[in-house]
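The structure appears below as structure tokens.
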Amino acid sequence: MFGSSGSRVLNVINISYIQSRSKRVWVRKPLGSPMAKSKIFRITPKPVLPEDEKAEIKRLFDNYKNSMKSIRHYFFEQSLKQAESGEVAQMKHRLEDQEHERLMEENRLENEKTAMLREERLKIQAEKTQQNVLASLIKKEGEAKLHKIQIEDFLTKQMSTPFIQAENIEKAIEDALANPVNFNFALDLNGYVYRGKDTSIDTIPEEKRERLNSN
Amino acid sequence: MPFMKGPAPIRRTIEYLDRNKLVLKDRVKIFSINYNTKGENHEGARQFVFWHLPQMQFKNPNIQITTFKNLTPSPFIQCYLENGEEVLMDVDFKSKDEIYERVRRIVCKSEETLKAEDKLDNPANFGSKCQKHCICEVPGQLPCPSLVPLPKSWRGKYKFQKPDEL
């Protein structure tokens, strides 16, 4: 029923290397085999402990565990200390410290070298930026001058146009009243201009007609 | 099989992570590197972080390794040791390989120490990651006491047992 029953070594957990040649040793039931018929409906009674007993057991257990842990930790520290204080360990420490000092010194020198290189690089960069700034300032100045010249030209042009000042105002009003400007005009298909609102075409002889100038 | 995601995914392979010599010394507790994301003088530091930082953390899982970005104008590495000492390494304008060599020389364990500590190589070490689990596996030594019990005179519990005081 449980296969391989002929062999002597069968699902063993703690096998003894001292062989027994007489009996077949039963160590455990094979893992895939079903539960026995007398046992399938068995319900094991769960062990019931009262609460206060459980609490007492837990308290004792915790105390024990704490003490053992602390003792073990203490012994571990002691053993570490012993390892530290030995001759070999001390020499090792001394060598390590020396090595460390040497390496720190080396590191410091490297840092200084890098710092010097950095200083030079920064100096060159500063020079460059200074020159750039100077060049841009000069350019700005030139541009400002040009701008000024342009503005002056514009102003002179504007000044040359006839403005009406405070002195001329009466004369200008009289002139304007005396000479009313009529903006009405008409165009011919042949390109002749007829000014004025009420001029009729027939009254103007042919020679006196204006030609529309394109200016 | 598709390609692995991300830039240079070889950095995520076990073989790459394992094959480096950046095992920091025991006295180093924190390793921090300051660098910027832009700037020519930070290029070496950036490359070092990109290629070698995962390797370093893989070999030193119990050491804090941090990066600080865009805080200072020049890059540097700072290692904080056990006794409060700080090791400052200026890596301005250095290349990735130069930084690697410098870190290895100053704060990492040397080749000899690594070899001596290497459990697998040395047949004198026994344990889980070594060639043999116990000295009882070596032919010519005592057999395992779980199989063949030791003579009572060799066992501590019988040597030191004082039955009259029990």
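Naming convention: chains lettered A, B, ... in sequence-line order (proteins, then strands); numbering from 1 in each chain. This structure is a prediction, so every number in the text was calculated from the model and none was measured.
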### Query
Has Arg121(A) got its NZ or CZ under 6.0 Å from the middle of the six-membered ring of Phe93(B), at an angle within 45 degrees of the ring axis?
yes

#### Entry: Under 4.5 Å from any heavy atom of chain A - which part of Arg105(B)
both

### Query
Of Leu22(B), Asn60(B), Leu53(B), Thr67(B), which meets side-chain contact (heavy atoms from CB on, under 4.5 Å) against Phe31(B)?
Leu53(B)

### Task
Taking the side chain as every heavy atom from C-beta outward, state whether Ile33(B) and Phe48(B) have any atom pair closer than 4.5 Å.
yes

### Members of residues 130-141 of chain A whose heavy atoms come closer than 4.5 Å to chain B
none

### Message
For residues 96-108 of chain A, give me every residue with a non-hydrogen atom less than 4.5 Å from any non-hydrogen atom of chain B.
### Response
Glu96(A), Asp97(A), His100(A), Leu103(A), Met104(A), Glu106(A), Asn107(A)

### Message
Between the side chains of Glu15(B) and Arg19(B), is the shortest nitrogen-to-carboxylate-oxygen separation below 4.0 Å, so that they form an ion pair?
### Response
yes

### Task
Apply side-chain contact (heavy atoms from CB on, under 4.5 Å) to the pair Gln141(B) and Cys136(B), showing each step before the final yes or no.
CA-CA 6 Å; Gln141(B) 296 292 333; Cys136(B) 64; 5.9 Å; no

### Query
How would you list, by chain and number, every residue that makes a side chain to side chain donor-acceptor pair (under 3.5 Å) with Gln47(B), sequence neighbours excluded?
Glu43(B), Trp51(B)

### Message
I need the full list of side-chain hydrogen bond (donor to acceptor under 3.5 Å, both in side chains) pairs touching residues 52-61 of chain A, with sequence neighbours left out, sorted by first then second residue.
### Response
Glu56(A)-Arg59(A), Lys58(A)-Asp62(A)

### Query
Is there a donor-acceptor contact under 3.5 Å from the side chain of Arg46(B) to the main chain of Gly39(B)?
yes

### Query
Within a strict 4.5 Å, meaning less than it, do heavy atoms of the Glu82(B) and Asp26(B) side chains meet?
no

### Summary
Shortest non-hydrogen pair, Pro75(B) vs Asp90(B), comes out as O-OD1, 3.5 Å

